[in-house]
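One structure is given here, and the rest of the page talks about it.
Quick note: residue numbers are just sequence positions, from 1.
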Amino acid sequence: MNAMNFIEPEERIALRKAVAELGAKYGHEYYARKARADEKTHELWDEAGRLGYLGVNIPEEYGGGGAGIADLAAVLEELAAAGSPLLLMVVSPAICGTVISRFGTEEQKKQWLPGIADGTKRMVFAITEPDAGSNSHKITTTAKRDGDGWVLSGRKVYISGVDEADAVLVVGRTEDAKTGRLKPALLILPTGTEGFEYTKIPMDIVAPENQFSLFLDDVKLPAEALVGEEDAAIAQLFAGLNPERIMGASFSLGIARYALAKAVGYANQRQVWGAPIGTHQGLAHPLAEIKIELELAKLMTQKAASLYDSGDDFGAGESANMAKYAAAEVAIRATDQAVQTHGGNGLATEYGLGTLVTAVRLGRIAPVSREMVLNFVGQHSLGLPKSY
């Protein structure tokens, strides 16, 4: 994005248009039908992969588009705005693709990046634990040296899409033999590995992606499973978390756009007492406020992506947290107001809004909670004492 006039490059505008056309081909009816039947949106994922949309951020030499997270975020936003968000875009190309692109060995890049780019391979991300949440300093999953390889043991929870994945990028901890201190480590775990098990977590969210608990019982991995250097793993970890927040914001932005468009369309068509209900300020003003909040959240998301793509990891961290916060809030408000605008129709399957009521609420919880974003801003942006 041009920092002076806030207009996206022509290439990204064209990308948005093309992806929006693909999203419209499938739409929310397709997405909801698949989710209710406990089926996957493979047709959309596969077509997006063939068209090169899933790998726009992957280096060209490994089959990607050679662009940045800003373009990948635009893809996700447009698909979500069409009513068919692809949650696994947040983890496979954004987190895993970014981490491997930046820190993986040449062999890891050749093995995984082309498939991640064209959608034929999916890799998911496992950091959250039952007692640690996403606090990497409290993670208990351990990776111990075993000759030239590793033995991985522990448990993870609320890991998306494991049943669709070829591998999991696991955040574990190694032990420093000299000090006994545990240090973060990133390891690629193929889903068919012996000793690795996962169990589906029943959820009330209507979505094609499932959540899982992972159980790692002395899982043996080769030496080449380690991504990057052991001592630099914390930096490598956070290099993947900024794209996660940017993509999470884009996911919420797209849903907010979808909900707002549905509300505006209904308010223009539905008539009561001889006039469209949109003529009443009680409906018009809340929708106008949502439009303002949506544009502000979108600008912050674009700023975060621009900073990240320019190499400013710390600046991107602040903006990405703010963007994720703002986008989640406007998605919740947009969906709620869209339902209210529709009245009883807002919860009817025909109108395509009811499935989003619980889905948008997830934005306040993941990939980082609303409260932890406020903690970050209080401490790092305002200079207040650490509160946790």
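For S153 and D218, the side-chain atoms include at least one donor-acceptor pair closer than 3.5 Å. For the residue pair Q111 and Y62, no side-chain donor N or O sits within less than 3.5 Å of a side-chain acceptor on the partner. For the residue pair T120 and D118, a side-chain donor N or O sits within less than 3.5 Å of a side-chain acceptor on the partner. No side-chain donor-acceptor contact under 3.5 Å links Q379 and S387. If you check the side chains of E8 and Q302, you find a donor sitting under 3.5 Å from an acceptor.
For the side-chain contact (heavy atoms from CB on, under 4.5 Å) test, residues two or more places apart in sequence or in another chain that qualify with K40 are H42, D163, E164, N210. Partners of K200 under the side-chain hydrogen bond (donor to acceptor under 3.5 Å, both in side chains) rule, at least two apart in sequence or in another chain, are D38. Partners of T199 under the side-chain hydrogen bond (donor to acceptor under 3.5 Å, both in side chains) rule, at least two apart in sequence or in another chain, do not exist in this structure. Considering only residues two or more places apart in sequence or on other chains, H380 meets the ring-ring contact (aromatic ring centres under 6.0 Å, His included) condition with F376. Every residue meeting the ring-ring contact (aromatic ring centres under 6.0 Å, His included) condition with Y26, not counting sequence neighbours, appears here in chain and number order: Y30. With sequence neighbours excluded, the residues that form a side-chain contact (heavy atoms from CB on, under 4.5 Å) with A207 are Y31, I205, E209.
Residue L299 holds its CG atom at 10.0 Å from CG of L294, rounded to the nearest 0.5 Å. Taking CD1 of I58 as the reference point, atom CH2 of W112 lies at 13.0 Å (rounded to 0.5 Å). A distance of 12.5 Å separates CZ in F103 from CG in L226, rounded to the nearest 0.5 Å. The OG1 atom of T128 lies 12.0 Å from the CZ atom of R155; values are rounded to the nearest 0.5 Å. In this structure, CG in D309 is found 7.5 Å from CG in D71, a value given to the nearest 0.5 Å. From S306, atom OG reaches atom CD1 of I246 across 9.5 Å, with rounding to the nearest 0.5 Å.
Screening residues 270-292 for salt bridge (Lys or Arg N to Asp or Glu O under 4.0 Å) gives E289-R333, K291-E295 as the qualifying pairs, with residues at least two apart or on separate chains. Among pairs with a residue in residues 316-344, those fulfilling ring-ring contact (aromatic ring centres under 6.0 Å, His included) read Y266-H342, H342-Y351, at least two apart in sequence or across chains. Sorted by first then second residue, the salt bridge (Lys or Arg N to Asp or Glu O under 4.0 Å) pairs that include residues 74-101, not counting sequence neighbours, are R16-E77, R16-E78, E77-R257, E77-K298, E78-R257. Pairs passing the salt bridge (Lys or Arg N to Asp or Glu O under 4.0 Å) check and including a residue from residues 23-37, sequence neighbours excluded, read K25-E47, K34-E39, K34-E43.
Residues D313 and R102 are paired through a salt bridge, judged by an N-O separation under 4.0 Å between the basic side chain and the carboxylate. In this structure, R370 pairs ionically with E329, as a charged nitrogen and a carboxylate oxygen lie closer than 4.0 Å.
Looking at D146 and K220, their side chains come closer than 4.5 Å, going by heavy atoms from C-beta outward.
Here L384 is tied into one hydrophobic group with L382, each link being a pair of ILVMFWY side chains closer than 4.5 Å. Apart from F314 itself, the hydrophobic cluster it occupies contains nothing, where clustering links Ile, Leu, Val, Met, Phe, Trp and Tyr at side-chain heavy-atom distances under 4.5 Å.
Each of V91, V168, I100, D166 was checked for a side chain to side chain contact (heavy atoms under 4.5 Å, CB included) with M123, and the lone residue meeting it is I100.
The two residues T105 and Q108 have their closest heavy-atom pair at N-OE1, 2.9 Å.
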Assess whether side chain to side chain contact (heavy atoms under 4.5 Å, CB included) is satisfied between V368 and K324, documenting all intermediate values.
-> CA-CA 9 Å; V368 62; K324 185 265 177 190; 4.2 Å; yes
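Cation-pi check for K144 over W150 is not met; the charged atom does not lie both under 6.0 angstrom from the ring centroid and within 45 degrees of its normal.
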